[in-house]
Structures are given as structure tokens and as C-alpha cells.
Amino acid sequence: MTLSDAVAHLSPHRWARANRLLIRKALAEFAHERLITPEQDGEGYVVRSDDGLTSYRFTATRRALDHWQVDAESIIRHRDGTEVPLAALDFFIELRKSLGLSDAILPVYLEEISSTLSGTCYKLTKPRTTAAELARGDFQAIETGMTEGHPCFVANNGRLGFGIHEYLSYAPETASPVRLVWLAAHRSRAAFTAGVGIEYESFLREELGAETVERFHGVLRDQDLDPGDYLLIPVHPWQWWNKLSVTFAAEVARRHLVCLGEGDDEYLAQQSIRTFFNRTSPGKHYVKTALSVINMGFMRGLSAAYMEATPAINDWLAQLIEGDPVLKSTGLSIIRERAAVGYRHLEYERATDRYSPYRKMLAALWRESPVPSLGEGESLATMASLVHVDHEGASVAGALIEQSGLAPTEWLRRYLQAYFTPLLHSFYAYDLVFMPHGENVILVLKDGVVQRAIYKDIAEEIAVMDPDAVLPPTVERLRVEVPDDKKLLSIFTDVFDCFFRFLSANLATEGILAEDDFWRTVAEVTRAYQESMPELADKFRQYDMFAPEFALSCLNRLQLRNNEQMVDLSDPSGALQLVGSLRNPIADF
């Protein structure tokens, strides 16, 4: 690739398109979070810059949950009365006070926006796949076909740390096959933990193949090192080249870490960017790696200390689901994180607290693949795909409904029973909450109909909000203290506001399912669950799903305030940015 080929996607017309799409999203989500207040302006709306000299005029449909559906083509920018081109970087500078962007955060946020725009330009070079084609695509075609990233966050593809050649090699949308780098880590500083029934040697042979394990052991023996003294760790290539080979130079020099070379299997980066699907053998485990790039409000490292309890937490949850008749009846399953390995750099540990990115540079986990669990005629899709909209404005959810031949409300009901009922039951029966956004859920489909849901990203994302829950010692870290009035936000914010809001708006826009019919169906599924569990009636009254309103919890506000660590992990509910309230769209039903 020549120097100029690397930036071939950055053409004037693509840049203009990417800027228009991003400003559309910024206007919509910032209005939703009440960072800006669009004023009525004839048929449409206007937003003015902090100094009042620049205006953005647009048309929009306002929907349930204060959702602004802004028409991208309608946006016009004027400065001093003259029309000027849309430019996203200018937009954030013009509105920096309204958005609360500090002098320290603004330039870094602009860098994340630039990276997000660059990614959009790359996506605009790909062959146009319709939603209908994607809906019939295979698991990884859907995964790499996603164009939007997180539906709420405006700067959602920052990936600060990737150069352009690294973007082209490792971003999920480029669908470039990746071979992982393997290191031998001395057991004095590394630990391997695994779920019940998994043993290190045989597990690695299954994942790597006996020949590769022998080859790696040979590298150690050639340096007069004993393979028995080391554990093998898979590493993101970026992490090796940019972090470990430099930041961990002492460990390499002292042979605490030995680079063994690349594995043989080819992997594909998933939407979460640091998790890899085995393309060579799809039935083998996913590998999740540490990746010290900043993306969407966090450094995407992986904590060695956290890894130690991960398999036990997954075993605990799998057992809970297995033993619960309601969860079992919905078909819910999890793909367990079966094994984990972490490396502790003792000097950086002495110099930092437990939340420091320096402690999250070298760890990995293996997560089950959902592929072996499929039945005849079943296929997989990331739930994020439901809200994917193609260049013609058609959504994958709409395409699946058409493919299924079901009435839209019936299709929706089956999806809700698979995805939403388990969330309700986990909350009311166990005070257990997930982080059930589109990228953390995989749907099993048959003929366009959702059969069941698979939750993933378990150990880092679930929490138990009951102070009196009896938890095994290894699972104790899941307990979080959340004030009673904020507990249901785990459903109202994460599910209603951050996912159903977009799903319902898209289906309404396409004329497939009116908003009222969407929310009525959500209400019916909620009520049907509650009626099936009379023994939990007190909890249903205490935490009322049909309350007239709930607090508006704002995600962009977190990132605009601190884009390197938007939530204090030791106090997740304390970090929430709550601004007023939203009308609960199921309260009327």
C-alpha cells in the first residue's frame, strides 16, 4: 500500500457526507440530552452557536422518549446570514460552552470526532449492502457490516492510538483477518484461571493445536528457558508493537515475557474492537484482549486482577440461568468466559491504584463461541444490527419482519420474550442487572424470527444490586450499592432509552409499526411477565415499570466531561448524569 492509498477513503464528497451524518446525530442526541434546545422555526427548528452568529436549521420528527429524528438532508448552516458548508469540528467549537467541553477535553474530543468521521468515510467506500441482504447474511458479515457504532454516543469510533494502517488492519468494519501475537509470561507474575472442568494444558492445545504449542515451547527451549515456568497469553498485535515491547521493556529484557510469534488461526475483530472471533475455526473460543486505545469514554485495557474471578462469575451465572424455570423457558443462554490469563507488572502496580490503565495492559480471556449451539436452520446476528439502517433508510429489523412473514407486533413480541423478559426476571427475582446493549447481545434467528437471546460480556458488565444477596466469595465483587430510586434505570436507560428508542423510531419511520403499537407490545409483554409471577407482586409495586416518568440519564454528557474515564468504576451510579425526566412510553398502557 502506498502512502496515499492509505487515505484514499478521505475524499471531499465522502468527508462532506460523513460530516452531515455526524452533525445530524449530534443535533438529535444533544437535543435528547438537553444540552441544546432547538427552537421552533417555521416548519422546522433552529440551533444557534454560543455566540449567536451561526445557526443550524433543520426539520425533525419528535417521538416518544423525547427522541429527535432529524432529517440529515434538511440541515443548513448559516454564519452572519450566509450559508456555509457543514463542518463537524466547527460545530463542536461553536457549541463548546453549551456542550460543557473544557479546554482540556475539547481538542481530544475533536480528535475522537475526526477519527469517527474518518471511519465513516471508510464505510462509505464499501459496496452498498441493503438491510434485506444483511438480514440474510452470515454472522460475521452482519458483524462487520455495522456502520453506526453505539446509537447514543456521537464520538463512538475514536480509537485513539490507531494509526491509519492499524485502522485498516484492526477495525471491525475493514473485516481484515488478524493473527494474534502470543507471549510466554513467567508464572511468578502471571495467573491462569478457568471455569469448572477446564485444565490449562489441554485447553491451550485445543485452542492452538498441538503443533503450535510445540513450536512455541521450542522458542523457549532455544533460549534455555523451561516451558513449564511460563503461561501463554494471546495479545492484540497493536498492543505488542505499541505498548508491551516499549512500556514492558524491563519484562522482555528479563525474560519475564518472551515473544513467541503469531498463532496460525485467523480472527476477525468484533464491534467491541478488542474481541476476536475465530474465522479459521468458528466453533473455537472468542479471544478478548487488552487494547490500550481510548474508545468511547474509556481506555480499553483488561485488568489482570479482574480476570482472576471472571470464569467463576460466569459459572455462577450459567448455573443460575440453568436452574431458573422462567429464564430457561425464554431460551436465554450466556456465552461463558471460560478461561482467563493475566500478567501483573509489579512496579506499575506499586505506582498506581487499581483502576489505572497501567494495570490493564496485559490480560486475555476466552469466551465460548455461540456457533456450536445452533440448531437446524438457525443463524446468528448481533442485536446491534436491528437498529442498523442502510443507504435507502431501511432497517435490518424491518427486513427481518418482512422475511418472517409475521405481523410486526407478533415479530416484536417474540423478540421481546427472548431478550426483554429475561432482563425483567433477572431484575425482579435476583436484583441482577446486565449491560444489555446491542453489542452485548447475540440473537438466534430462524426465518427472520428471533428464537432466543444470548447475553455476553458477563464478568465486567453484570451487577447484583441486593445488599443482602448471598453470593459465593468469588462472585462478591458483583455487588454494587445503588439507591432504590435509580435501580430501574438499568432497564429504563439501557433498554428503553438506549435501544428501544431507536428501534421503535426506525420502524415508525418506515411505516412498519406505529410507535403506539410498539410501546403497547412492550407493555403487554411486561404485564404478562408480571402476571405470571404473583409472588413478586411487592417488588413490582416497589419498582414500578409503569411509573409515569423516569430520570433521563445522559451518556454523551459523561464523555463530554471526561473522555478517558467517563465513569468512576468504583461508584457507577454516582457518576450518572441525570437531567430532568422522560415520560415512560408504557405508562399509558
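Sequence positions, counted from 1, serve as the residue numbers for this chain. Please read all numbers here as calculations on a predicted model, not as lab measurements.
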**Request:** Locate the shortest heavy-atom distance separating Val84 from His78; write the atom from each residue and the value.
**Result:** CG2-C, 4.3 Å

**Asked** If you draw the axis of the six-membered ring of Phe277, does the NZ or CZ of Arg367 fall within 45° of it and under 6.0 Å from the ring centre?
**Response** no

Is it the case that the side chain of [X] and the backbone of [Y] share a donor-acceptor pair, with hydrogens and angles ignored and the cut-off at 3.5 Å?
| X | Y | result |
| --- | --- | --- |
| Thr289 | Ala363 | no |
| Ser490 | Lys487 | yes |
| Arg24 | Asn19 | no |

**Request:** Assess whether salt bridge (Lys or Arg N to Asp or Glu O under 4.0 Å) is satisfied between Glu94 and Arg79, documenting all intermediate values.
**Result:** CA-CA 11 Å; Glu94 289 161 359; Arg79 187 161 53 221; 3.7 Å; yes

Ring centroid separation for [X] and [Y], is it under 6.0 angstrom?
| X | Y | value |
| --- | --- | --- |
| Tyr167 | Tyr122 | yes |
| Phe248 | His256 | no |
| Phe30 | Trp68 | no |
| Tyr543 | Phe427 | yes |

**Request:** Could you verify whether a donor N or O on one side chain and an acceptor N or O on the other, from Ser272 and Thr275, lie under 3.5 Å apart?
**Result:** yes

**Complete:** Partner of Ile105 under side chain to side chain contact (heavy atoms under 4.5 Å, CB included), picked from Leu101, Asp103, Val108, is Leu101

Parallel, tilted or perpendicular, as decided by the 30° and 60° cut-offs, for the rings of [Y] and [X]:
| X | Y | value |
| --- | --- | --- |
| His236 | Phe162 | tilted |
| His345 | Tyr348 | tilted |
| Phe500 | Phe518 | perpendicular |

**Request:** Would you please test Glu33 and Val579 for side-chain contact (heavy atoms from CB on, under 4.5 Å) and show each step?
**Result:** CA-CA 7 Å; Glu33 294 194 11; Val579 181; over 6 Å; no

**Request:** Step through the shown structure and confirm whether more than 12 heavy atoms of other residues, nucleotides or ligands are within 6.0 Å of CZ on Arg583.
**Result:**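 No, CZ of Arg583 has 12 or fewer neighbouring heavy atoms, counting only those of other groups under 6.0 Å.
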
**Request:** May I ask you to decide whether Asp457 forms a salt bridge with Lys288, counting only side-chain N to carboxylate O separations under 4.0 Å?
**Result:** yes

